[in-house]
Amino acid sequence: MAPDKSTEKKSAGMEFFENVYRSIFRYGRIPQDGEGASYAVFNNLFLHIHPVKVSRHSLKFTYTFGLGVIATSLFLILTFTGVWLMFYYYPSATEAYGRMLDLRSSVDFGFVLRNVHKWAAEAMVFFVVLHMARVFLTGAYKPPREFNWVIGVILLLLTLGLSFTGYLLPWDQLAFWAITVGTSIAGYAPVIGEPLRQFLLGSDSVGQEALIRFYVLHVVILPGLLYVFLAVHFWRIRKDGGLSHPSENEPQDVAEKGAEL
Amino acid sequence: MKEVDTTQVYPQDPNKTYGLMELVRGTKPTVGPAPEDMVYSWPHLLIRELVIFLTVAACLLVAAFLFNAPLEELANPNHPPNPAKAPWYFLGLQELVSYSAFVGGVVVPGLLVVALILVPYIDRKKVGVGIWFARERWLANGTFLAFLILMCILIIVGMYFRGPNWGFVVPWE
Ligand code: HEM
């Protein structure tokens with residue numbers, strides 16, 4: 001890249017920082033032109049899940065209502081606050097409840113941490129369902145997006161699973177009995193029901209074994225799976241040609257309409 | 001000799017450094033909106049995503065200061081509350097379970113999940129895509145909304161209208 005006059009006069013210190021900056025962001029500051037805007041996206045690991053260009057239609061707020069992005073935001077915030085909570089939480093039937101009390105009293109802003117995690121979790125179930133409704137009511141699951149809809153159903157089930165396993169962790173009356181009721185529903189399935197319930201609980205009833213199983217599912221297995229399927233979900237959006245668009249509708253349909261006029 | 005049609009499908013923008021090479025029929029990426037309908041993800045999409053993320057974070061912080069997450073007494077296996085309720089999003093199922101454990105707890109949720117997965121393989125006709133409440137899709141949209149509303153009603157009944165032994169109660173009494 002040709003140095004301009006201004007860089008010649010720069011002090012050694014400035015040049016050092018300039019070099020460091022350039023080593024991280026190869027294509028300069030905020031890109032002004034189309035080429036820069038393209039580079040900004042595909043040279044950045046975190047941005048390159050986006051296509052370089054998107055249709056105006058997909059940006060209209062009243063098309064998606066940002067519901068998928070809201071669900072994604074909630075999940076990122078849940079990951080962040082969840083990992084933070086892990087520093088204080090102890091998955092033991094004798095310790096867990098006391099740790100919840102500590103979060104209220106002795107941990108600085110512990111109540112904010114727990115409240116954000118809790119409300120974000122409730123909101124995530126709600127917004128994922130709304131997002132699904134948006135996709136349905138705009139016919140966005142039709143070919144070629146059939147499989148991304150199926151991935152979506154898996155994401156919904158994982159979201160419910162995360163919420164449900166997290167519910168037990170405070171080890172209060174609410175948690176204990178909600179999970180007792182919830183897992184007894186699984187037991188009603190013929191043949192596999194009872195073994196399934198015992199597998200989830202690690203025992204006949206909710207206790208220490210259930211707590212550790214729910215904990216591992218909640219902090220490792222389910223979030224890990226959710227990230228994998230979320231990556232596939234986003235990848236498929238690009239491979240399916242961006243978000244659904246009215247121009248995809250069958251041409252003969254348009255022709256018929258034209259003939260009617 | 002046959003006339004060759006040279007009219008441009010999309011009018012040429014003089015600043016454009018590329019041209020339209022051919023038209024293909026298919027469902028591969030970017031066959032759809034005209035190039036003029038496309039904008040750069042940076043900044044158009046990314047700024048919007050950032051604004052949504054920050055709004056969500058701000059709302060959560062406000063909610064966290066205003067409302068405490070519930071915490072009841074220490075779990076006690078010998079003192080079941082009456083009624084014991086599942087988390088709100090499963091209350092619809094719990095309500096169904098109260099009529100029939102097998103049908104409500106196994107058959108209905110199982111069928112709902114299978115039906116959800118099959119939706120895009122049953123309804124494949126490309127009409128009404130990308131349009132809210134497209135008129136041609138009234139049957140599909142109506143069915144979906146009916147299920148959604150039914151689920152909401154069951155959840156609300158489970159939340160507010162069920163008391164001891166899952167008997168019917170009214171919340172304002
Ligand atoms: C963890 C849950 C989920 C997350 C974080 C998520 C995220 C997203 C995002 C960010 C988009 C881009 C468009 C938008 O914002 O609306 C999207 C699109 C899509 N989602 Fe999801 N999603 C989730 C669950 C679901 C579910 C439950 C379904 C359906 C059963 C689904 C089906 C789809 C489909 C078909 C598209 C493409 C829509 C179009 O082309 O217009 N997703 N998702």
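Proteins come first, then strands; the chains are lettered A, B, ... in the order of their sequence lines, and each starts at number 1. Excluded from the calculations below are hydrogen atoms, water molecules and symmetry mates; all remaining heavy atoms, backbone and side chain alike, are included. Note that the structure is a prediction, hence the values are computed from the model and not measured.
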With only heavy atoms counted, which part of Leu148(B) is less than 4.5 Å from chain A, the side chain, the backbone, both or neither? side chain

Closest contact, heavy atoms only, Asn115(A) versus Ala64(B): ND2-O, 2.8 Å

So for Pro109(B), is it side chain, backbone, both, or neither that comes closer than 4.5 Å to the heavy atoms of chain A? neither

Using non-hydrogen atoms and a 4.5 Å limit, figure out which bit of Leu157(A) sits close to chain B: side chain, backbone, both or neither. side chain

All heavy atoms of Leu59(A) vs all of His44(B), minimum pair found to be CD1-CB, 3.7 Å

With a 4.5 angstrom heavy-atom cut-off, is it the side chain or the backbone of Arg104(A) that approaches chain B, or both, or neither? side chain

Counting only non-hydrogen atoms closer than 4.5 Å, does Val129(B) touch chain A with its backbone (N, CA, C, O), its side chain (CB onward), both, or neither? both

Donor-acceptor contact present, side-chain Trp119(A) to main-chain Leu61(B), <3.5 Å: no

If every non-hydrogen atom of Val106(B) is compared with every non-hydrogen atom of Tyr188(A), which pair is closest and at what distance? CG2-C, 3.7 Å

Non-hydrogen atoms of chain B under 4.5 Å away: do they reach the side chain of Ser184(A), the backbone, both or neither? neither

Straight-line distance of Arg48(B) CZ to Phe61(A) CZ, nearest 0.5 Å: 10.5 Å

At a 4.5 Å cut-off on heavy atoms, which part of Pro43(B) comes close to chain A: side chain, backbone, both, or neither? neither

Heavy atoms from other residues, nucleotides or ligands near CZ of Phe53(B) exceed 12 (cutoff 6.0 Å): yes

Please state whether the side chain, the backbone, both or neither of Phe127(A) comes within less than 4.5 Å of a heavy atom of chain B. neither

Has the side chain of Gln173(A) got a donor or acceptor atom that lies under 3.5 Å from a matching backbone atom of Asn76(B)? yes

Residue Phe90(B) versus chain A: region with a heavy atom under 4.5 Å: side chain

Between Asn249(A) (side chain) and Gly128(B) (backbone), is there a donor-acceptor pair under 3.5 Å? yes

What part of Leu145(B) gets within 4.5 angstrom of chain A, counting heavy atoms only: side chain, backbone, both, or neither? side chain

Which atoms of Ala123(A) are under 4.5 Å from chain B, going by heavy atoms: the side chain, the backbone, both sets, or neither? neither

More than 12 heavy atoms from other groups under 6.0 Å of CZ on Phe161(B): yes

Against the six-membered ring of Tyr141(A), is Arg124(B) placed for a cation-pi contact (under 6.0 Å from the centre, within 45° of the normal)? no

Non-hydrogen atoms of chain B under 4.5 Å away: do they reach the side chain of Tyr167(A), the backbone, both or neither? side chain

Could you tell me which portion of Leu71(B) (side chain, backbone, both or neither) has an atom closer than 4.5 angstrom to a non-hydrogen atom of chain A? both

Would you say Ser41(B)'s side chain and His50(A)'s backbone share a donor-acceptor pair under 3.5 angstrom? no

Toward chain B, the part of Lys118(A) with a non-hydrogen atom under 4.5 Å: side chain

Do the side chain of Gln94(B) and the main chain of Val181(A) share a donor and acceptor less than 3.5 angstrom apart? no

Do Phe136(A) and Phe144(B) have ring centroids that are under 6.0 Å from one another? yes

Which atom names give the shortest non-hydrogen contact between Lys125(B) and Lys142(A), and what distance separates them? O-NZ, 2.6 Å

Distance-minimising heavy-atom pair for Tyr89(B) and Phe164(A): OH-N, 3.3 Å

